[in-house]
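Structure record follows, encoded as C-alpha cells.
One-based numbering, in listed order, for ligands and for the atoms of each. If you read the sequence from its start, that first residue is 1, and numbering goes on from there.
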Amino acid sequence: MSGTALVVGGGFAGLEAAIYLRQAGLEVTLVSDRAFLWIYPTSIWVVTGEGKFDDTCLDLADVAARHGFTFRKGKVESVAGARRAVVVDGRELTADHLVIAIGGTPMRPPGVEHTFGLSGSPESTVRLHEALERRIAAGGGRIAMGFGGNPKDPSAVRGGPVFEVMFNVANMLRKRGVREKFQLAFFAPMPSPGERMGKKAVAAIQKMLGEMGVEMRFGKKITGFEPGGAVTFEDGSRLESDLTVFVPAQSGHPMLVASDLPRNEAGFVTIDGGCAVPGFPGVWAVGDSAALQGPAWRAKQGHLAEVMSRVAASNIRATVEGRPERESYLPHVSITCLMDMGNGAALVHRTEAKEQMIPLPVVGHWMKKGWGAYFKASKRKQVPRLPGM
Ligand SMILES: Cc1cc2nc3c(=O)[nH]c(=O)nc-3n(C[C@H](O)[C@H](O)[C@H](O)COP(=O)(O)OP(=O)(O)OC[C@H]3O[C@@H](n4cnc5c(N)ncnc54)[C@H](O)[C@@H]3O)c2cc1C
C-alpha cells in the first residue's frame, strides 16, 4: 500500500499510531520534541527512588529502527490542518495523513510554580524526588499532595497517579523508619475525588488514606499556592505544607488552540468515533490531544490513547484502500488502572456495565513492574504483543 503519514507527538498515542500505520504499509514519520517516550505510569517510582530516570524512558529512534519508520526529533511550532501541514523547527512537513498526538498541557493555577508536578516534563519528577530526599534529610515536615479539575472538560482530570504517589511515599517513609516525622495531607476540589473510577474505588482509597494517617481536604476550591508550598482555598482556609505535589487538570495544547482545527471548550481537538477530525480530510487526533466522547465518567488514559491510535490507523488504512468500513474507539472507553501502593496494588476497571476494584496485595506491585518491562520489550519487538495490551 502506498501513502504517507506524519505523526506528531511521541507519547503513548503517537508511538502506537506510528507502529500500526507502518504495519499497514504506509511510509511513516514520527516527530517529537523528546528523544524518548516518557512512561508516565512507571514514573511514580522515580519520585521515591525505586525507579530510575532511564528505566522510565523508551528510546524512540531505536523503536523506529525496529519497526521501519522514521523518527525525527523536533518541536512542532504550528499546525495547518487544512493543508495537513506542520512546521517543525522552521521547516514545513506535510503528508497524506496527519495524526495529531502531542497530548494536552497542564493548567496553571496561581502559584503553581511553588509546587512539584508529575504530568509535565520528566525533569519535574526528578526535581520532586530530590526535594523529597532533602526533606527527609532535614528530619521531617508537612507534605501535601493533590490534583485539580477542569470544569470545561472533566475527562482531563489526572488524579489516579497522585493517589499512587501518596501511597508510595507513605510506604517509603514507613520503610525508612521516618513516617512519624511527617504530616501527610491529600487535597482536591471535588467532594469525592477519584469518583470517575467508581464508588468502590473511592471508598477503598479513602479508607486506605485514613488508615495511613493522611489528612483529607476535599470539596474546597483551590485558589492557589504560596511560596513554600501552602495551599489556599476559596473559603479562606489554608493547608500548610513544606513540600506540595500538585497535578493540575489538562487543557488543550497551546499549539492546537492556535491552529485551524475544531476544538471543544477546553481546547481539545474535536474528533468523530473513528478519530477523524470533521471537515479536515486526512487529519486525525488521538490520545490526550483529542476531545474524548463517551460516558460522563470517561477519563484520558494511556491505554485509551493506544486504542484510539489503533482505531485511527485502521481507518487510515481503510481510507487508503478505498474501503468504506470505519472502526470506533467509543465501545472501548473504559477506565483501567493498576493503582500501585508501593507494597501492592488494586486493579480498578470501570465500563458502562460494571465497576471493579480488586485488591492485589504484594503481587499487584510486581504486576505493575512487569507491565513496565513488557511495555518496553513489546514496543522494541523483543516479545510479542499481547491482545489489547
Ligand atoms: C504520573 C502519571 C501516571 C499515569 N499513569 C497512568 C496509568 O497507570 N495508566 C494509564 O492508562 N494512564 C496513565 N496516565 C495517563 C497517561 O500517561 C496519558 O493519558 C498518556 O500519556 C497520553 O498519551 P499521549 O501520547 O496522548 O500524550 P503524552 O504522553 O503527553 O505525549 C505527547 C508527546 O508529544 C510531545 N510533544 C508535546 N508538544 C510537542 C511539540 N510542540 N512538538 C513535538 N512534540 C511535542 C511530548 O514530548 C510527548 O512525547 C498517567 C499520567 C501521569 C502524568
Which ligand 1 atoms are under 4.0 Å away from a heavy-atom of [X]?
X    : answer
G10  : 33 (C), 34 (O), 49 (O)
S32  : 35 (C), 43 (C), 44 (N), 49 (O)
G287 : 26 (O)
S119 : 53 (C)
G74  : 42 (N), 43 (C)
S43  : 1 (C)

May I ask you to check whether F246 and F225 place their ring centres under 6.0 Å from each other?
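Ring centroids of F225 and F246 are less than 6.0 Å from each other.
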Check: Y40 ring centroid to F12 ring centroid under 6.0 Å:
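They do not qualify: ring centres at least 6.0 Å apart.
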For V8 and ligand 1, answer yes if some heavy atom of the residue is under 4.0 Å from a ligand atom, otherwise no.
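Judged by the 4.0 Å heavy-atom criterion, V8 does not count as contacting ligand 1.
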Test item, K368 contacting ligand 1 (heavy atom, 4.0 angstrom)
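The answer is yes, since K368 has a heavy atom less than 4.0 Å from ligand 1.
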Among D33, D288, D89, which one puts a heavy atom closest to atom 45 (C) of ligand 1?
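The residue whose heavy atom sits nearest atom 45 (C) of ligand 1 is D33.
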Hey, looking at atom 1 (C) of ligand 1, which of G14, P161, A17 has the closest heavy atom?
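Closest candidate by heavy-atom distance is P161.
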Between [X] and ligand 1, does any nitrogen or oxygen pair lie at a separation below 3.5 Å?
X    : result
H303 : yes
A13  : yes
S289 : no
E164 : no

So, R298 side chain and P295 main chain: donor-acceptor pair closer than 3.5 Å or not?
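Yes, the answer is positive, given that a donor and an acceptor are paired below the 3.5 Å cut-off.
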Is the backbone N or O of K199 less than 3.5 Å from a side-chain atom of E355, with the two atoms forming a donor-acceptor pair by type?
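Yes.
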For [atom], grab the closest protein heavy atom and report residue, atom and distance to one decimal in Å.
atom                    : result
atom 5 (N) of ligand 1  : P41 CA, 3.4 Å
atom 37 (C) of ligand 1 : I102 O, 3.5 Å
atom 11 (O) of ligand 1 : G302 N, 3.0 Å
atom 38 (N) of ligand 1 : H253 NE2, 2.9 Å
atom 48 (C) of ligand 1 : R34 NH2, 3.8 Å
atom 30 (O) of ligand 1 : G103 CA, 3.9 Å
atom 52 (C) of ligand 1 : Y40 CB, 3.6 Å
atom 31 (O) of ligand 1 : G11 CA, 3.4 Å

Do F36 and D59 have side-chain heavy atoms sitting under 4.5 Å apart?
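SC-SC contact between F36 and D59 ruled out.
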Partner residues of E327 under the salt bridge (Lys or Arg N to Asp or Glu O under 4.0 Å) criterion, sequence neighbours left out:
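Result, salt bridge (Lys or Arg N to Asp or Glu O under 4.0 Å) vs E327: none returned.
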Could you tell me whether atom 14 (N) of ligand 1 has a protein heavy atom closer than 4.0 Å?
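Protein heavy atoms within 4.0 Å of atom 14 (N) of ligand 1 - there are none.
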Judged by modelled atom types alone, do K368 and T42 share a side-chain donor-acceptor pair under 3.5 Å?
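No, no side-chain donor-acceptor pair sits under 3.5 Å.
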